[in-house]
Structures are given as structure tokens and as C-alpha cells.
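One structure below.
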Amino acid sequence: MSAAAIETWHASARPPRPLRLVEPAGSRFEEVWFDGVDDMLADARARLQRLSPRAAYQAVLWGRALLVDVRPAAQRREQGEIDPRLGALVLERVDLEWRLDPRSPSRIEAASYELPVVVLDAEGTTSSLAADSLQRLGLTAATDVVGGFAAWRRQGMPVRTPDAARG
């Protein structure tokens with residue numbers, strides 16, 4: 001496909017006018033077009049009050065937040081896991097909204113609009129988009145960990161290493 005054909009297709013892929021969306025209580029819908037994924041990430045982070053690994057650890061330790069690890073199983077096996085004693089919820093990214101949306105029939109028992117959720121991924125990028133998605137569902141206290149699991153481990157937060165997990 002030529003560059004001109006791609007540009008024509010891209011321009012025609014956008015709807016000619018905004019769709020009328022019904023906004024459920026606690027949710028936020030808006031029409032936004034991004035100039036690439038970096039723009040989308042910057043937009044998401046502009047709404048988040050991101051936490052350092054230490055601040056996230058303290059929030060979880062003091063029972064003020066639910067830590068949610070959205071890394072795929074293969075990454076958790078390779079990189080290690082959050083120390084199980086912290087009670088982190090492991091939800092692969094594909095399941096996150098279904099399990100935490102208070103309106104979803106697939107929600108976890110703790111799901112509520114007031115639930116403070118701290119999302120953690122491998123490097124702190126996918127987690128920002130995930131936390132923003134939760135905020136759009138009405139979980140306004142959702143945020144993520146700057147630097148993800150790599151920073152969590154580097155800064156000495158409790159982990160279970162891959163060798164201990166196999167053990």
C-alpha cells in the first residue's frame with residue numbers, strides 16, 4: 001500500500017462527526033485523537049498522580065491501595081514477582097477493566113469507584129495507559145508505579161525472584 005493510499009485510508013477511518021455517547025455515572029468519555037502512542041501516553045500521564053516504587057509499597061503496606069500487576073505470566077516468570085505477602089492482585093492487562101469495573105459481571109469483590117488501585121507493569125508504560133483506562137471507568141484514584149517492576153526491584157521493594165518462584 002502506498003503512502004498516499006495509507007494517508008487516504010487513515011483520513012477516512014475517522015468518523016465524519018463525533019458519536020453521541022451515553023456517559024454512565026462515574027465514567028468519562030471524550031473524543032480525542034492522538035498523534036501516536038507517545039502522545040497518548042503523555043495525555044494519560046497528565047491525569048495520573050504516579051507513585052514511586054517506595055510510595056506504592058507504603059500505600060499497599062498500610063492498606064491504602066490495591067497493587068495490581070498486569071505483566072503477562074511469561075514476564076513474571078522471567079523477572080520475578082511482587083512478594084506474595086503484599087497481596088498484589090495479578091491480572092493480565094487484557095482482563096483489567098473487566099475485573100475492576102464495578103458494573104462488570106466479571107468484577108472482583110473489592111471493585112468499587114473508591115478503590116485506590118496502583119497498576120504495575122514491567123517498565124511503567126503500559127501501566128500508565130491501564131491506570132488512565134481505569135480512571136475513565138470511574139476509578140478516579142487509579143494510578144501506576146513510575147518505572148514499573150524494574151524500578152520496584154531496583155529500589156529494593158520486596159520481590160520473589162524467578163529462582164524462588166520455581167523452588
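This one's a predicted model, so the numbers in the text were calculated from it and none came from an experiment. Any value given below was found using the heavy atoms of this structure, including those in side chains, with hydrogens, waters and symmetry copies removed.
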Where the side chain of [X] meets the backbone of [Y], is there a donor-acceptor pair that is under 3.5 Å apart?
X	Y	result
Glu92	Ala73	yes
Arg99	Ser106	yes
Asp121	Thr125	yes
Arg71	Gln79	no
Glu81	Arg76	no

Test item: [X] and [Y] side chains (from C-beta on) under 4.5 Å apart, heavy atoms:
X	Y	result
Leu139	Pro102	yes
Tyr57	Leu86	yes
Leu96	Ser133	no
Gln58	Leu51	no
Leu137	Leu100	no
Ile108	Leu66	yes
Arg64	Pro116	no

Can you give me the closest heavy-atom contact between Trp152 and Ala56, atom names plus distance?
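Nearest pair, atom of Trp152 first, then Ala56: CZ3-CB, 4.1 Å.
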Nearest 0.5 angstrom please: Phe149 CZ to Ile82 CD1, how far?
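Taking CZ in Phe149 and CD1 in Ile82, the distance rounds to 5.5 Å.
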Can you tell me how far CG of Asp132 sits from CZ of Arg47, rounded to the nearest 0.5 angstrom?
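The CZ atom of Arg47 sits 4.0 Å away from the CG atom of Asp132.
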I would like to know whether Val145 and Ser127 meet side-chain contact (heavy atoms from CB on, under 4.5 Å); could you show each step before the answer?
CA-CA 7 Å; Val145 176; Ser127 60; 5.9 Å; no
Salt-bridged, Asp144 to Arg50, with N to O below 4.0 Å?
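Yes, Asp144 and Arg50 are salt-bridged.
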Quick check: are there more than 12 heavy atoms from other residues, nucleotides or ligands sitting under 6.0 Å from CD of Gln49?
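Open: at most 12 neighbouring heavy atoms sit under 6.0 Å from CD of Gln49.
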